[in-house]
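Working notes, structure below.
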Amino acid sequence: MQIDVFTLFPEAFAWFERQRHVANALAAGSSLEYVNYRDHTPLTGGQVDDSPFGGGAGMVLRVDVVEAAMRARYGEDPVSLRDSRRVIALTPGGRVLDDRLVDELAAEPALTLLSGRYEGFDERVLQNFATDRISIGRYVLAGGELAAMVVCDAVFRKLPGALGDEESAVEESFSAALDGAPEYPHYTRPAEYRGWSVPEVLLSGHHARIREWRLEQSRARATEPLP
Ligand code: ADE
């Protein structure tokens, strides 16, 4: 998986890259690279944004600036780049990220993530350069960097070898293996704590019963109201 993140703050990703599953994915041949819009702006003084036509608060990332950065990276018109590469604009109003979408993205050979700042992108970026608009939830962040990290985190951990042997992304919350339901509860030692005991079945060593109990719990969680 080759991921390019377009951002004004590449340094924000330093901590993220050190996370074990990300480091594992990178060591196994994936890449995570950054393009700073400001490094390619055709405007003077490193300008990348402008005030919105029609008035209103905040600043908008300019379409010419995004195009210049994308051309510098890909040597091609971003309009046609969409035929060969998934280009995702991170925006609060986009398709809400879920496990199904993460699986879909993890199956791509390469992704481009466009982070916005301020009030977001000039609409023409979304219309003409992006193949997808993705939101990590219906709330507004100050910028797309955290959203880009969320997408990368969820995608990288799906790749073979990203998680350690003892972990697996196959049977976890919202996966197809659990019919999209939340994961069953987990317990570890001590078996008894302040009178709170671990369900007997988990201590039974009876694998078939444990499996059945877990699937039941998972199904129940899919229908129970959340606390
Ligand atoms: N940029 C700002 N808020 C966002 C959100 N909720 N999801 C994706 N990108 C964003």
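Note that ligands are numbered from 1 as they come in the structure, with each ligand's atoms numbered from 1 the same way.
Contact residues for ligand 1 (protein heavy atom closer than 4.0 angstrom to any ligand atom): Leu90, Thr91, Pro92, Ile134, Ser135, Ile136, Gly137, Tyr139, Val140, Leu141, Gly143, Ala147.
Listed by chain and residue number, nothing satisfies the side chain to side chain donor-acceptor pair (under 3.5 Å) test with Gln127 (two or more places apart in sequence, or in another chain).
Using a cut-off of 4.0 Å between Lys/Arg side-chain N and Asp/Glu carboxylate O, Glu104 and Arg100 are scored as not salt-bridged. With respect to Asp99 and Lys158, a salt bridge is recorded, a charged nitrogen being found less than 4.0 Å from a carboxylate O.
With a 6.0 Å radius and a threshold of 12 heavy atoms from other residues, nucleotides or ligands, Glu200 has its CD atom at or below the threshold. Atom CZ of Arg211 has 12 or fewer heavy atoms from other residues, nucleotides or ligands within 6.0 Å.
The aromatic rings of Phe16 and His21 stand perpendicular to each other, their planes meeting at an angle above 60°, with 30° marking the opposite boundary.
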